[in-house]
Amino acid sequence: GGSTSSGAASSSSSAASSSGGGALTGTLTVFAAASLTDVFTDLGDQLMADNPDLDITFNFAGSSALATQITQGAPADVFASANQTQMTVVTDAGLAEGDPTVFTENVLEIAVPQGNPAGVTGLSDFADPDLTLAICAPDVPCGAAAEQVFEAAGITAQPDTLEEDVRAALTKVELGEVDAALVYASDVQAAGDQVEGIEFPEAEDAVNEYPICTLTGSQNPEAAQAFVDLVESDTGQQALADAGFRSPSS
Amino acid sequence: MLPLLGLLVRAPWSQLLPQLAQPQVGEALRLSLVSATLATLVSLVLGVPIAWVLARSRIRGRSVLRALVTVPLVLPPVVGGVALFLVLGRQGILGRWLYETFDYTIPFTTTAVVIAETFVAMPFLVISVEGALRAADARFEDAAATLGADRWTTFRRVTLPLVAPGVAAGAVLCWARALGEFGATITFAGNFPGTTQTMPLAVYLALQSNPEGAIVLSLVLLAVSLATLLLLRDRWLGRSGVPT
Amino acid sequence: MLPLLGLLVRAPWSQLLPQLAQPQVGEALRLSLVSATLATLVSLVLGVPIAWVLARSRIRGRSVLRALVTVPLVLPPVVGGVALFLVLGRQGILGRWLYETFDYTIPFTTTAVVIAETFVAMPFLVISVEGALRAADARFEDAAATLGADRWTTFRRVTLPLVAPGVAAGAVLCWARALGEFGATITFAGNFPGTTQTMPLAVYLALQSNPEGAIVLSLVLLAVSLATLLLLRDRWLGRSGVPT
Amino acid sequence: MSLRAHVVVRRGALLVDVELAVADGEVLAVLGPNGAGKSTVLRVLAGLLAPDGGRVTVGDDVWDAEDRHVPAHERSLGMVFQDHLLFPHLSTTDNVAFGLRTRGVRKAEARTAAARWLARVGLDGFGDRRPTQLSGGQAQRAALARALVVDPRLLLLDEPLSALDARTRLTVRAELRRHLAEFAGCTVLVSHDPVDAMALADRVLVVEDGRVVQEGTPAEVARMPRTDYVARLVGLSLLPGVGRGRSVELDCGGAVAVAEDAQGPVFVAVRPGTVALYLARPDGSPRNVWPATLVAATPHGSTVRCDLDGEVPLTADVTATAFAELGLQPGTRVWASVKASEVAVYPR
Amino acid sequence: MSLRAHVVVRRGALLVDVELAVADGEVLAVLGPNGAGKSTVLRVLAGLLAPDGGRVTVGDDVWDAEDRHVPAHERSLGMVFQDHLLFPHLSTTDNVAFGLRTRGVRKAEARTAAARWLARVGLDGFGDRRPTQLSGGQAQRAALARALVVDPRLLLLDEPLSALDARTRLTVRAELRRHLAEFAGCTVLVSHDPVDAMALADRVLVVEDGRVVQEGTPAEVARMPRTDYVARLVGLSLLPGVGRGRSVELDCGGAVAVAEDAQGPVFVAVRPGTVALYLARPDGSPRNVWPATLVAATPHGSTVRCDLDGEVPLTADVTATAFAELGLQPGTRVWASVKASEVAVYPR
Ligand SMILES: Nc1ncnc2c1ncn2[C@@H]1O[C@H](COP(=O)(O)OP(=O)(O)OP(=O)(O)O)[C@@H](O)[C@H]1O
Ligand SMILES: Nc1ncnc2c1ncn2[C@@H]1O[C@H](COP(=O)(O)OP(=O)(O)OP(=O)(O)O)[C@@H](O)[C@H]1O
Ligand SMILES: [Mg+2]
Ligand SMILES: [Mg+2]
């Protein structure tokens, strides 16, 4: 089974919905990182259930594609990025309404195939040249995070591949093609039975923050704000926690 | 070829029905087929004449034209999407004018999907039709000219039927490439269920949360497209070279 | 076509030199060209005979063969990568045997890049060569047979030269598709500078952190591949249909 | 090595059923109208078309039988196609050398032999040209050289001289004749030109509508045609009838006086040159005098060929001078006469 | 509507430079050996090949000049190509109807006209076939029908009858003759068959090596050939020489006695049928007697054509009977004789 992020301090999870019942109308377009697909789809369904006249559309893609689209004038109301870098692209373009807030965090875990055939125990195994290992490329958030933890742990990693995204790394773990990969806890959770997660303490040195904001071009700022509120509410945080994310520590 | 067997053997068939039951899947499949077909039609209309110019005419700048046509072949699709924004986006060269004049924006619409797919897939049509035209016997065109057919009539009534197998092959490649298009589409058209979410995008999303489901989805796409190709085969492939 | 202009105009040329100075870029470019060329060669060796079987022979199961060949066209590349794993991966049908017998694994090597590119790009060659073969005049093959040429000699010395423009077009498409290959490569071969990081992977990663640099990179890829194609053009394109 | 073939094959509406035999070194000319099935027979002999029935053997080898079909490339052939089919991507020399190369002859040697044959058919200096750069007659000669340069067991020539001009035709025909005289294999030649057949063939086979209608030596066929087509070909008028001693009652009506006794069904053959035309009924020795109408006149060198319609349909060759003096023109009513001794009679 | 053309064009090593004029309704036959440039001239007239120089005008319209090139499809043409070039993807009917369709004739009407023409060339019932399903002669007739069905200003026929069998040739030639008699435009016909030229053409143009070597009516050309090629074509032996009264000193040596006074450079033409062969020197009236060697003998209907080598190179036609009785064979030494009155003489 997937690991639970026991290190994550999930805040109190009272199920109080922050949205006013049935007040919102119109359409709402949410641009969100692909890793948020399941959580946000569920939250969107909830909001639509509470507001029958509200219609929410999601555009899930890589954060960088989303940022490009928003700067190109895409009709978006909310942007939830999987990292600060891509959020910066949007804020620098002056398209964010107010300051983005961090609504959740993700930490690295070691993902190993079911049964951990190579007997990986901790981060130090990543220095073993005999193992087949995958980490993310330094250009993408999980890769940047990986660099930080290796630096913190004083380890010179010996990866066989620098993955373009977490998903690609996980696929290889699922198929048993790599002995271990360094990915996010939420991804281990999503991967199901085929993958086991191993936590390690150095992960705290590279916490990945997910910022969210409403956008200046929004046609429906109320609904946008309501969605952001819902994500940040206890309901939202619980849903994120169930998916392996953790609440922002700061 | 062999890899496909591996895929078929290992596919989690139990997920097939639940996946198919999702309304989004049907929508994505429909959108994929429709937009790939439209993109192929647009490519045929624009691409076949371009191929003809490349193969037959002697105008200057043919090599420049060929280079331009070849570009989307080697451009990473994501960059292709960015390039499309630069021209057709709301801030783009043409897009701005469209927006200001007609208050119409292309990105994030089904039109954008078709444009992105056409952009990426048309070169496949052009190059293979050009190859077919070059291999064809141009003397029949002479014969048509002596019968009073102008270049366009000759092209339509003689050249094109003669290279029909080549055009069919090009159209198949174009359609398949359009059907599988991902990078330019997700960049330029976004990923909106019902309007711009084609099957490859749906597969991509499914991969995030449910990898096995994603494989089932792509097998569905595969089956549908193979069925389409097989159905069209007899009508399209035309004249066989097998001596009778 | 137009979009390219947009790209050229807006490209951050100032980044060109710093980007090119990175050793990784040169390595990725070299790897891309080498592996795409190898993949094209492998595709020619395997694909041209397959195309011939599809166009000329009358063996049973031709339509099954055609369907199998067409599969990678419409399979999302990532899924193609997974399929390759299932056969050639460490746990794959063939791969396990390779691993246990020779202690050799294909994934994460340059070989894997070539295999992934071949898998994805070969159908383009096969389909367009088949189209060219079908449009070709089979009577010359009769003439060769009466001169004592067996099917293989006939194919090599008569059929192939006659459809050379079609084969050239197919090879160009195959090469371009291999050069632009992204999904199957990163899935099956991974991404490691120097061994498996091709240009499209480099561009994709650069896009994540430095979008403008990425565009410059892809323009470099573009320029190199266009130059290659233009250089080969005269030698490859062969017989022009322009009446002389 | 002799060829024995019984070819049964359906081509659209036409059922071809032809039996033929060619001895070693023999040349068989196949004559027949357009669409008779001549090229079809050649395609079957070449193995390019599987017959629906029959049998093809060469020497002791069975090439086609119910359970056997030797593919073309395993038969030892030399073939000239009606439309040449020179390989467009090869030079003329390489076209001619092709058959030798597939037989394993080294390149230089094959090209030398090819050049020799090109010279023999008058294409010296054309070796480097592509077929598209040859004139029609030059292409046909290259195709002939390509078929002759190999030393096959069976030579199949489908109208190999049709595109040649009169002079070249003479020299190439002589060259071909010289080659065939020494050639040890069997030759089947299709031609529309009776002169080719007479000059080149040892035996003639006439095919009409997919069937053999006459067979024999060129002289026999020329003297005693058995169908209208053959008669036209060799320039005779053919009149079927029934012999009644020194007279033959024609099937078309009327009678012809003949020099020899004839009984039962016979053919009467009249040479156009022996037919004289008069404006008034002539007196004199010829006992065969018929009224007729001139329907068509074709100048033909110094003579004019006159097609006559009447009780007895005939063709007459008269000198251009006579033609002019008589003031003949289509529609003129004339009297045609032939001496009994000039008329050939032979059994049907 | 008359055609006036001066065609200058380089084809590989050959420089074609031909001037020709064809009046309305006139038929010009272009004769010449293979590779003379006949098809090249036709391609230029059709606008398929831009000439390097010269001028082509039809009536008042300039089709080719230094600064002008009317493309083929804007010329009003009917053309039969030497290799037919029927469209392989269209039925025979649609091939024939093609020219009418491009001229805007409605489909049904065009197909009716096509069917009518197919019947005229004897292809009734072949309308639904693809060209690949036609025999060589049938394809040629379809190509002819395709060119004739439109009513063009210029008809270009490149060996339109070469693949036809003897009988069909007669009927198609007659059909073509009938059509051309009524045809208002200009016709240029290329043929290797002198009979075609004599039967169809009003005027003959002989091209050799890219140049015009003779021009005239068919009868003139047949009577007084000016080159060896033409002489062969019309079946004469041509001997150039210098007239010295009743004798002509031949350029090749020897002399010929003639019936009329001849002075200066002349041609002497001898008809093979007038040449008699003897094994021993004959006594008698013919003053022209030469020793010669038989180099080749070709049977030719009931006569044998004998090529002789000696002081005076000649061709003789002797009957097959005489040939056999004399025991002639290549290498035999003979005496050849011709009566002075049978020899034609005309200025060079
Ligand atoms: N592929 C085909 N399918 C159907 N019918 C055909 C095919 N090829 C030829 N035919 C028909 O078969 C008949 C015989 O054709 P073939 O080519 O043998 O004639 P041929 O004797 O060579 O005539 P020609 O003297 O005109 O060359 C013709 O009537 C022709 O139309
Ligand atoms: N495309 C070409 N390039 C170079 N030379 C050519 C080309 N086409 C023809 N020729 C040459 O030009 C000359 C004239 O060719 P053309 O076809 O006009 O001859 P032709 O008089 O029609 O002969 P034929 O009676 O054999 O058809 C020939 O020697 C031929 O080899
Ligand atoms: Mg034939
Ligand atoms: Mg010609």
Side-chain angles (χ1 to χ4, degrees), chain A residues 2 27 29-42 44 55-76 82 93 95 164-176 183-184 186-195 217 243-244, chain B residues 3 6-7 10 12 15 22 24 76-92 95-96 98-100 104-109 112 116 182-197 200-215:
Chain A
T27 58
T29 306
V30 177
F31 279 33
S35 52
L36 297 167
T37 305
D38 284 352
V39 178
F40 272 31
T41 307
D42 287 346
D55 191 16
I56 304 181
T57 325
F58 287 103
N59 181 25
F60 294 113
S63 301
S64 67
L66 295 174
T68 306
Q69 289 168 357
I70 290 166
T71 53
Q72 290 296 332
L95 297 170
E164 47 143 349
D165 63 14
V166 173
R167 194 54 247 165
L170 266 181
T171 301
K172 295 182 177 63
V173 178
E174 283 160 10
L175 293 169
V183 300
Y184 284 117
S186 64
D187 300 305
V188 176
Q189 184 84 0
D193 296 343
Q194 307 244 323
V195 178
Chain B
L7 212 58
R10 300 272 199 105
Q15 293 223 9
Q22 280 180 258
Q24 290 202 0
V78 177
V79 179
V82 173
L84 283 172
F85 266 130
L86 292 180
V87 173
L88 298 174
R90 209 158 67 178
Q91 338 253 311
R96 181 197 302 263
L98 264 183
Y99 180 56
E100 284 167 3
Y104 178 71
T105 53
I106 295 175
F108 315 112
T109 62
F182 173 76
T185 309
I186 200 166
T187 307
F188 182 59
N191 179 15
F192 294 96
T195 48
T196 68
Q197 187 177 75
L201 306 196
V203 169
Y204 164 79
L205 270 195
L207 264 178
Q208 304 296 323
S209 50
N210 178 3
E212 302 205 320
I215 288 181

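Below, read A as the first sequence line, B as the second, and so on, with proteins coming before strands; counting in each chain starts at 1. No hydrogens, no waters, no symmetry mates; every other heavy atom, side chains included, goes into these values.
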Name the region of Tyr99(B), side chain, backbone, both or neither, that has any atom closer than 4.5 Å to a heavy atom of chain A. neither

Greatest number of heavy atom pairs closer than 4.5 Å to chain B - which of Gly73(A), Ser35(A), Ser64(A): Gly73(A)

Compare every heavy atom of Ile186(B) with every heavy atom of Ala61(A), then report the nearest pair and how far apart it is. CB-CD1, 3.6 Å

Would you compute the distance between atom CG of Asn191(B) and atom CZ of Phe60(A) and round it to the nearest 0.5 angstrom? 8.5 Å

side-chain contact (heavy atoms from CB on, under 4.5 Å) against Ala74(A), all qualifying residues, sequence neighbours excluded: Phe31(A), Gln69(A), Phe108(B)

Taking Ser186(A), Ala243(A), Pro75(A) one by one, which has the highest count of heavy-atom pairs under 4.5 Å against chain B? Pro75(A)

When rounded to the nearest 0.5 Å, the distance separating CD of Gln72(A) from CG of Leu84(B) is 10.5 Å

Check whether Thr29(A) gets within reach of chain B through its side chain, its backbone, both or neither, counting any heavy atom under 4.5 Å. side chain

When the 4.5 angstrom heavy-atom criterion is applied to Phe58(A) and chain B, the contacting part is backbone

Give a yes or no answer on whether the side chain of Asn59(A) reaches the backbone of Gly190(B) with a donor-acceptor pair at less than 3.5 Å. no

